[in-house]
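Working notes for the structure below.
Residue numbers begin at 1 in each chain, while the letters A, B, ... track the order of the sequences. In this text the structure is predicted, and so the values were computed from the model without any measurement.
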Number of protein chains: 2
Amino acid sequence: MTNVELARRVGLSAPPCLRRVRRLEEAGVIRGYHAEVEPAALGWEVTFFALVGLESQKESVLRAFEAMVAAWPEVRECHMIRGGGDFLLRLVARDTAHENALTARLTSAPSVSRVQTLQTIRTSKDLAGVPAEG
Amino acid sequence: MTNVELARRVGLSAPPCLRRVRRLEEAGVIRGYHAEVEPAALGWEVTFFALVGLESQKESVLRAFEAMVAAWPEVRECHMIRGGGDFLLRLVARDTAHENALTARLTSAPSVSRVQTLQTIRTSKDLAGVPAEG
DNA sequence: TCTGAAACTGCCAGGAG
DNA sequence: CTCCTGGCAGTTTCAGA
């Protein structure tokens, strides 16, 4: 969207509207801008999640796991879960074989004691970010 | 990013670069553009996931559940999970009390038999979309 | 290559603290 | 009185043909 279009929608002239956006960017409220792509069109047919349990809850072990998956491009998200030594990952794979390979790599990774894959059949809702002023 | 900046990065002049982008948009490879915002800055302090099990695997029940959470603004994602009658949700909440209320609403919703909340302690990786040509 | 439009920069005015 | 915020005008750059 152009700035003048945005200004028109919020009922403001263009320059102060642009200044507001700049302020939001510098304040970190707006972290950036992205193009939203179609995964299947780029050859990423499978999206799945993985619940990973580690053998230890030591901070060094947790950090090591996070560093490992940070280097895997197929891992898109890594969330530490309350309750001790568990992570929820979102991964993408080119096909089912690729997905199996990724799961195997996770299972055999250091300090990993348990891997539960959550394969998505269909996604009925997929919105980014948060509600617009709820 | 401006088109000329994009063209410079990919080593192309502006007009053909723009034509390529337009083709990707029309082909559906690029679904749209959006700003990435900081949830905490807008008052959404808590992000959590929920694994929801339903009492039935009947399609009508699944659709009814999807329709229900589609109307909840706090539910940002809803993925049906292979294995039968399970869903993985991503939710945001204003605070812990709000989170508890959302969990309670889920637990007491029609056809819901089980709710396991996955509260995120920290997120070490959070990338949108898919790898850029992996 | 060329034209219209949009992004951006000063400067000024008005209102709230 | 000062600061914040919005509007106006001019310049530069970009989008689109």
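- Taking every side-chain heavy atom of B/Pro15 into account, D/dA17 is the closest of D/dG7, D/dC14, D/dA17.
- When the P atom of D/dC14 is taken as reference, atom CZ of B/Arg8 falls 11 Å away, rounded to whole Å.
- Side-chain nitrogen and oxygen atoms of B/Arg22 include at least one within less than 4.0 Å of the OP1 or OP2 phosphate oxygen of D/dG16.
- Residue contacts shown for A/Arg23 are limited to sugar-phosphate atoms, with no base heavy atom under 4.0 Å away.
- Contact check for B/Trp72 versus B/Leu106: side-chain heavy atoms found under the 4.5 Å cut-off.
- Proximity note for A/Leu18 (side chain, C-beta onward) versus C/dA7, D/dG16, D/dG7: the nearest is C/dA7.
- Judged by distance alone, with hydrogens and angles left aside, A/Arg19 brings a side-chain donor or acceptor within reach of the base of D/dG7, the pair sitting under 3.5 Å.
- One atom, CG of A/Leu6, and another, C1' of C/dA6, lie 13 Å apart when rounded to the nearest Å.
- Between A/Leu12 atom CG and C/dA7 atom C1' the separation is 16 Å, expressed in whole Å.
- Comparing C/dA7, D/dG7, D/dC14 by their nearest atom to the side chain of A/Thr2 picks out C/dA7.
- With sequence neighbours excluded, the residues forming a side-chain contact (heavy atoms from CB on, under 4.5 Å) with A/Ser113 are A/Glu55, listed by chain and number.
- The side chain of A/Ser13 sits closest to D/dG7 out of C/dA7, D/dG7, D/dC8.
- Note: CD (A/Glu25) to P (C/dA7) measures 12 Å, nearest angstrom.
- No donor-acceptor pair under 3.5 Å is formed between the side chain of B/Lys125 and the backbone N or O of A/Glu66.
- Here the two rings, on A/His79 and A/Phe87, have centers that are 6.0 Å apart or farther.
- An OP1 or OP2 oxygen of D/dA15 is reached within less than 4.0 angstrom by a side-chain nitrogen or oxygen of B/Asn3.
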